[in-house]
Trainee: 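Dumping the structure here so I can ask a few things about it.
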Amino acid sequence: MDDPDLELIKKRKMRKLQEQLAFRDKQEQEKAKENDKNNLELQNKQKSNEIDAEKNFLLRHMYDRGDEVLKLAEQQYPFQTKIIIKRLNELIRFGEIPRISGGDMLSVYRSLGLNIRVDTHISISDHGKTISFSDKLKQSTASELDDDDEST
């Protein structure tokens with residue numbers, strides 16, 4: 001009935017067509033993955049641009065070291081800070097608050113249970129020179145010790 005050589009040729013052609021189909025499917029899957037990756041990157045850029053725009057809007061309404069507090073907050077609590085920035089911007093846009101200071105920002109975070117660590121330095125003006133409070137304490141302690149040594 002059927003020629004064995006003809007059957008072999010049909011099988012080879014069928015195998016070749018299956019390989020080509022598998023190759024095309026693989027290419028299409030790779031293209032789909034690449035498109036998904038590009039779309040995700042584009043969405044991330046858009047979100048990043050939105051976040052930057054929100055942050056810049058808030059920074060325009062901040063004073064008295066508010067920008068420093070916001071920077072520290074972003075470093076210590078990045079996820080929560082994004083949410084807080086959006087909410088504060090809403091309040092500013094609706095006229096609930098006109099401006100916000102660094103102290104107010106600290107109060108907002110602390111009221112939410114987020115304690116932002118802020119480096120504080122106390123400086124004292126002594127005889128025209130500005131020195132740190134700790135250095136002043138060291139000097140006064142050293143002078144007290146010298147006075148005690150002289151009296152004994």
Side-chain angles (χ1 to χ4, degrees), residues 13-152:
K13 282 187 176 184
M14 186 61 94
R15 193 177 322 125
K16 187 175 181 180
L17 287 173
Q18 287 175 340
E19 288 172 0
Q20 287 177 350
L21 184 62
F23 181 73
R24 283 185 192 158
D25 287 345
K26 185 177 178 182
Q27 282 183 330
E28 287 176 6
Q29 287 176 353
E30 288 175 1
K31 283 182 184 179
K33 284 182 184 179
E34 187 67 29
N35 287 339
D36 289 345
K37 182 180 173 184
N38 290 339
N39 288 339
L40 186 61
E41 287 176 5
L42 183 61
Q43 287 174 352
N44 286 341
K45 282 183 182 180
Q46 288 173 345
K47 284 182 183 179
S48 176
N49 289 341
E50 288 174 16
I51 291 169
D52 288 344
E54 290 285 329
K55 181 181 171 186
N56 289 335
F57 178 80
L58 182 61
L59 286 173
R60 287 193 306 265
H61 292 85
M62 292 184 124
Y63 67 100
D64 193 28
R65 298 178 69 185
D67 56 338
E68 293 176 36
V69 174
L70 185 62
K71 182 179 176 183
L72 290 170
E74 283 181 314
Q75 291 171 353
Q76 296 172 25
Y77 302 102
F79 178 73
Q80 294 88 342
T81 299
K82 289 176 188 175
I83 296 168
I84 291 170
I85 288 173
K86 286 182 182 180
R87 183 65 180 128
L88 287 173
N89 284 343
E90 288 174 8
L91 292 173
I92 291 170
R93 285 185 181 110
F94 291 127
E96 296 290 323
I97 53 175
R99 296 177 58 195
I100 187 164
S101 70
D104 294 337
M105 282 296 289
L106 278 174
S107 297
V108 167
Y109 279 92
R110 289 189 177 143
S111 68
L112 295 171
L114 305 171
N115 197 13
I116 298 175
R117 293 174 298 282
V118 180
D119 292 333
T120 55
H121 302 282
I122 301 173
S123 299
I124 297 174
S125 180
D126 187 29
H127 302 294
K129 287 177 29 180
T130 303
I131 60 172
S132 70
F133 186 66
S134 61
D135 290 341
K136 180 68 174 174
L137 285 176
K138 289 176 189 174
Q139 288 175 359
S140 65
T141 305
S143 66
E144 286 178 11
L145 290 175
D146 289 342
D147 292 341
D148 288 344
D149 289 341
E150 291 175 6
S151 65
T152 52

Trainee: Would you give the length of the straight line joining atom CG of Asn39 to atom CG of Asn44, rounded to the nearest 0.5 angstrom?
Mentor: 11.0 Å
Trainee: Got a sec, which pairs hit side chain to side chain donor-acceptor pair (under 3.5 Å) with one end in residues 82-104, sequence neighbours left out?
Mentor: Glu54-Asn89, Arg87-Glu90, Ser101-Asp104
Trainee: Is the backbone N or O of Thr130 less than 3.5 Å from a side-chain atom of Ser123, with the two atoms forming a donor-acceptor pair by type?
Mentor: no
Trainee: Counting neighbours of CG on Leu17 that are heavy atoms of other residues, nucleotides or ligands and sit closer than 6.0 Å, is the number greater than 12?
Mentor: yes
Trainee: Check whether more than 12 heavy atoms from other residues, nucleotides or ligands sit under 6.0 Å from atom CZ of Phe57, and answer yes or no.
Mentor: yes
Trainee: Spell out, as yes or no, whether a donor-acceptor pair under 3.5 Å connects the side chain of Glu74 to the backbone of Thr81.
Mentor: no
Trainee: Is any side-chain heavy atom of Met105 less than 4.5 Å from a side-chain heavy atom of Leu88?
Mentor: yes
Trainee: When rounded to the nearest 0.5 angstrom, what is the spacing between NZ in Lys16 and CE in Met14?
Mentor: 14.0 Å
Trainee: Which pairs pass ring-ring contact (aromatic ring centres under 6.0 Å, His included) with one or both residues in residues 67-116, sequence neighbours excluded?
Mentor: none
Trainee: When you look at CZ of Arg117, are more than 12 heavy atoms from neighbouring residues, nucleotides or ligands closer to it than 6.0 Å?
Mentor: no
Trainee: With rounding to the nearest 0.5 angstrom, report the CD to NZ distance, Glu19 to Lys26.
Mentor: 12.5 Å
Trainee: So do Asp119 and Leu72 actually touch side chain to side chain, heavy atoms under 4.5 Å?
Mentor: no
Trainee: Any chance you could measure Ile92, atom CD1, to Ile97, atom CD1, to the nearest 0.5 Å?
Mentor: 4.5 Å
Trainee: What distance do Leu112 atom CG and Gln80 atom CD have between them, rounded to the nearest 0.5 Å?
Mentor: 9.5 Å
Trainee: Just so I know, are the side chains of Val118 and Glu68 near enough to count as touching, which here means a heavy-atom distance under 4.5 Å?
Mentor: no
Trainee: Which value, rounded to the nearest 0.5 Å, describes the distance between Ile85 atom CD1 and Leu58 atom CG?
Mentor: 6.0 Å
